[in-house]
Amino acid sequence: MSLKRKRTPLTIEQKSEILQRLDKGEKASKIAQEYNIGKSTVTDIKKARPAIEKFITQSDTSSALKRKSMKTAEDQQLDQAVFLWFSQQREKGVPVSGPMLQEKAAILRERIHETQGTDHIVSSGWLQRFKDHHGIQQLSILGKQVDDSIVEGYIDKIKKIIMEENYEPEQLYKHQ
């Protein structure tokens, strides 16, 4: 009785490497053995070459190559519009939260499709798929480093105000 081979999902990048190796004339059986996949899988990748190459050229982030499927958004036009808006906000240094992104998606969907009732498009599932498609790890932007001299200046101002106004510690801090 032969053992069944464990399923080995390949990334888009690995599939691209396989195509390059096939172009160089390597045998499908050798490639299949190295990637622990069946020879028929190598053949399937070769048949899917146009779709794989199209996906790679249309992907907007390098993280798309790490994906294992080539699924795209149901509404490509909306997806591209939301990602463009998100990218612009990031360029400006504006932090974008999940609810902000969902709200903007609903507004853009209404503009693009001129329809009302977009509750399903702004679900948490939609947000997760959007982040996965575009390789977004976290929505928030980490704070920028502040110059110590600026911080010291504020501390001095606060100390001066406390002294001038004769504030008591009970007025400054919440004691329990």
Side-chain angles (χ1 to χ4, degrees), residues 7-20 35 44-45 47-162 165 167 171-174 176:
R7 185 177 182 279
T8 307
L10 299 173
T11 64
I12 304 301
E13 187 174 30
Q14 289 173 316
K15 291 175 183 179
S16 177
E17 290 169 5
I18 289 171
L19 290 172
Q20 290 171 1
Y35 283 91
D44 290 343
I45 291 170
K47 288 178 186 173
R49 174 188 292 270
I52 294 169
E53 289 174 346
K54 181 180 177 186
F55 182 81
I56 291 170
T57 57
Q58 290 180 346
S59 61
D60 46 16
T61 60
S62 60
S63 65
L65 296 176
K66 304 293 182 211
R67 292 177 55 188
K68 294 181 179 172
S69 75
M70 295 187 294
K71 289 182 182 175
T72 57
E74 286 181 30
D75 188 341
Q76 285 284 10
Q77 190 178 9
L78 175 64
D79 188 72
Q80 290 171 356
V82 174
F83 187 69
L84 176 64
W85 176 83
F86 173 77
S87 299
Q88 290 169 343
Q89 298 309 303
R90 274 278 171 95
E91 293 248 337
K92 294 177 190 174
V94 177
V96 178
S97 67
M100 282 174 64
L101 196 59
Q102 290 171 302
E103 183 179 337
K104 191 63 176 183
I107 292 168
L108 290 172
R109 184 171 192 273
E110 286 179 15
R111 286 186 187 163
I112 291 169
H113 299 294
E114 299 175 6
T115 59
Q116 297 293 330
T118 59
D119 292 340
H120 71 281
I121 193 69
V122 295
S123 68
S124 59
W126 173 88
L127 178 62
Q128 188 59 50
R129 285 188 302 277
F130 178 83
K131 287 169 42 179
D132 291 345
H133 283 176
H134 295 286
I136 300 170
Q137 298 287 320
Q138 70 183 55
L139 289 172
S140 61
I141 298 172
L142 299 176
K144 294 183 180 176
Q145 197 69 18
V146 178
D147 186 13
D148 288 340
S149 63
I150 294 172
V151 174
E152 289 171 10
Y154 281 115
I155 291 172
D156 293 339
K157 281 183 183 179
I158 291 170
K159 284 181 180 178
K160 184 179 176 186
I161 292 169
I162 290 170
E165 300 293 327
Y167 286 117
Q171 294 173 300
L172 299 175
Y173 303 104
K174 182 179 177 183
Q176 293 181 353

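When a residue number appears, it is its place in the shown sequence, counting from 1. Reckoned from all heavy atoms, side chains included, excluding hydrogens, waters and symmetry mates.
Summarising the local packing, CD of Glu103 is surrounded by 12 or fewer heavy atoms from other residues, nucleotides or ligands at distances under 6.0 Å.
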Report task. Take Trp126 and Val82, measure what side-chain contact (heavy atoms from CB on, under 4.5 Å) needs, and give me the verdict at the end. Result -> CA-CA 12 Å; Trp126 173 88; Val82 174; 4.0 Å; yes
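Across Leu78 and Arg109, no two heavy atoms sit closer than the pair CD1-N, 3.6 Å. Nearest heavy-atom pair, Gly98 versus Leu127, reported as atom, atom and distance to 0.1 Å: CA-CD2, 3.7 Å. For the pair Ile112 and Ala81, the tightest heavy-atom approach, listed with the atom from each and the gap, is CD1-CB, 4.0 Å.
In this structure, CZ on Arg49 lies 4.5 Å from CG on Leu19, to the nearest 0.5 angstrom. To the nearest 0.5 Å, the span separating NZ on Lys92 from CD on Gln88 amounts to 6.5 Å. With values rounded to the nearest 0.5 angstrom, Glu17 atom CD is found 10.5 Å from Ile45 atom CD1. Between Lys131 atom NZ and Phe86 atom CZ the span is 9.0 Å, to the nearest 0.5 Å. For the atom pair Gln80 CD and Leu108 CG, the distance stands at 12.5 Å (nearest 0.5 Å).
The closest donor-acceptor contact from the side chain of Ser16 to the backbone of Ile12 lies at 3.5 Å or more, if one exists at all.
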